[in-house]
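Note that these values count all heavy atoms, side chains included, but never hydrogens, waters or copies made by symmetry. Letters A, B, ... are given to chains in the order of the sequence lines, protein chains preceding strands, and every chain is numbered from 1. Everything numeric in this text was worked out from a predicted model, so none of it was measured.
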Amino acid sequence: MVAAGEPIVEMRNIVKRFGSVEALSGVSMKVRKGEVLGLLGDNGAGKSTLVKTLAGVHDPDEGEIFVKGQLVSPWTPLAARNAGIETVFQDRALAPQHSIVTNIFMGREITNTFGLIRVQRQVAEANRLMREIGFTSKVFNPDSTVGHLSGGERQGVAIARALYNNADVIVLDEPTTSLSLTETQKVFRFVEAVKESGRTVVFIGHNIYHVYDIADRFFVIDRGREAFEGPKAAFRGADHLIEMMHQLAETGSADVSHLQATT
Amino acid sequence: MTDQIVIPDTSAPKTVPVDERGEQSRWLLFYRRNGRALNAFLTFMLVWAFFASNNPTLFLIPGYYNAFLFSVPATIIITTALVFVIVSGELDLAFPSVMGASGGMFMSLVLLDIPILPAAAITMAGGALIGLLIGAVVVYGKISSLVATLGLNFFIVGLVNLIAQGRNIESRESVGTLGYRFFTGRWALGDTGILIPNHFIIALIWVAFCYVLFTYHRFGRRVQLVGDNPDSARQMGINIDRIRVGVFVFSGLAAALCGVILVQTANMVWFPTSGKAYLLIALAAVFVGGTPTWGGVGTIFGAFFGALTITLIPSGAVGAGFAGFWTDFMFGMVIILTMIAHRFSGARVR
């Protein structure tokens, strides 16, 4: 068991190359149990490479990944999942013509020995997962078609699905991109509920206001390297964070003196 | 900047039922889920009513439907199997050649003195194997299934013709054996004058099997998910290549069963052209049955009614007093009109 606040996932000196391009040049990142970690970075900074590495899609060329203190190797999507890390990718991987419950159990249907789907149990499970993140409404139920849901609600389906395996860490890749204000708030509510259930969330976004509001701690990468990290208390607000990232983009380094004591 | 987002209060009770709508009636829900199949059923009833109103006396004689019941099973079996192919997002134009090849295979086995039932079982395994090869060419050859199966259809038909040298295969002496009666025996339905052929009952069992496989089995569910969004299915750990090959295996199996039935309904005579006529009929039946062209969703019962409709048109037109050359015109009209009707049972959701 990992106590709250202790590192649940630890990536050490991760290097990932694509041909001659070094997308990640030795990133070390700790994800602490029970927190919402906001992962920030400019386009091309290596954010999505880091996320895909965390999800197991990329096996790092160098470096190690520890989950709950254990070294996990080889690092594959299945290994990540078995270690309790579920990732919701940007495209959400949904089948819009099918029901919420079918989407939640996509690829891991609850069946009997003949392969027949246990419909009642799946619906009951789907109801439980949807309630757990507060994904409830008067206008849809587990049998509703996903294609009729709004963007934020579709994100809810993907998050509910990620909870199914009792994952400890939920990685959300750009969950609020291209969503309206109300839809973004829905997603925030789901994230809050996931956090309340004691799980850990890694929240990736390029809208810094969104990430600032939801995250407890920030990890900023720049050109494949860690730029700085720190808890929310160390920043004077979203604008301070943005200012630092501007500084980073222009000069290649930011004034991090106020973060020294906190990390 | 002041457009900071306020996190809403999440302490609200979470015991709210997921769906509280009382106003959604059970009938509306039923129509929403089965609209396509219901529309296909309505189409069949309308086509029948149209013909029957032109010649009510004939259409009210139960015995009139005996020929229909005798000829419809093959179309039903192949149409319901094709639903899996279409829903998975693929297209199979090679099934007529599999029907022909399996019929020939079956007759060759019968001529080797293998009893009809084991011969039929071996033939179905053979049909599944041909389906596996077709599926492997499409999926692992990474060719569009439209083109690949078009080519394979010619290839298999050609191969069968080369082997058979264009000759029929006959085994008149097997007519009336136990195995023959298993497939084509008929049962009088009380004293109505209706004779139910065994292969019609086989077709009904097949439809029930397809329905369960499609709706409640993991395989059918995954066929639908792969057809809806292959990238999502792959991300969620579904082996989409295996599912795609699987639908061709299933279509091969069904085509082989049809091949066996066709030979038997022709009094144990196999023609090298056997099966050829089913290509456009079966595909039309799938679409008249309400399965959309874009994949991801479909209906087995709809396909069943589609097969009934398409089979009824030629004989029904003649029975209603239309000259035979009206048939194609009516095919076309029914297909176009039902396509328009199906627009109302649901456009594609994305």
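For chain B, no part of A:Asn103 is nearby; none of its heavy atoms comes within less than 4.5 Å. For A:Arg161, the part sitting under 4.5 Å from any heavy atom of chain B is the side chain, from C-beta outward, and nothing else. Neither the backbone nor the side chain of A:Arg128 comes within less than 4.5 Å of any heavy atom in chain B. If you measure heavy-atom distances from A:Leu116 to chain B, the contacts under 4.5 Å come from both the backbone and the side chain. At a 4.5 Å heavy-atom cutoff, A:Arg118 makes no contact with chain B through either its backbone or its side chain.
Chosen from A:Thr111, A:Thr102, A:Val57, A:Leu78, the residue pairing most often with chain B at heavy-atom distances under 4.5 Å is A:Thr102. Chain B forms more heavy-atom pairs under 4.5 Å with one residue of A:His148, A:Glu109, A:Arg81 than with any other, namely A:Glu109. Comparing A:Asp91, A:Thr145, A:Val119, A:Val146 by heavy-atom pairs within less than 4.5 Å of chain B, the highest count is held by A:Asp91. With respect to chain B, the highest number of heavy-atom pairs below 4.5 Å among A:Pro77, A:Gly115, A:Gly147 belongs to A:Gly115.
Between A:Arg108 and A:Glu86 a salt bridge is recorded (basic side-chain N to carboxylate O distance below 4.0 Å).
Taking CZ from A:Phe218 and CZ from A:Phe203, the interatomic distance works out to 10.5 Å, rounded to the nearest 0.5 Å. Here the CG-CD1 distance, from A:Leu172 to A:Ile159, works out to 5.0 Å after rounding to the nearest 0.5 Å.
In this structure the side chain of A:Val201 reaches within 4.5 angstrom of the side chain of A:Val36, judged on heavy atoms. Put simply, the side chain of A:Leu54 does not reach to within 4.5 Å of the side chain of A:Thr87, judged on heavy atoms.
Side chains of A:Tyr209 and A:Asp239: a donor on one and an acceptor on the other come within 3.5 Å.
The backbone N or O of A:Gly34 sits less than 3.5 Å from a side-chain atom of A:Thr200, completing a donor-acceptor pair.
By a heavy-atom distance cut of under 4.5 Å, B:Val212, B:Tyr216, B:His217, B:Arg218, B:Arg221, B:Arg222 are the residues of residues 211-223 of chain B near chain A, going up by number.
No more than 12 heavy-atom neighbours from other residues, nucleotides or ligands sit within 6.0 angstrom of CZ on A:Phe114.
Residue pairs meeting the ring pair (Phe, Tyr, Trp, His ring centres under 6.0 Å) criterion with at least one member in residues 158-181 of chain A, sequence neighbours excluded: A:Phe105-A:Tyr164.
Relative to the ring axis of A:Phe18, A:Lys16 places its NZ or CZ within 45° and under 6.0 Å from the centre.
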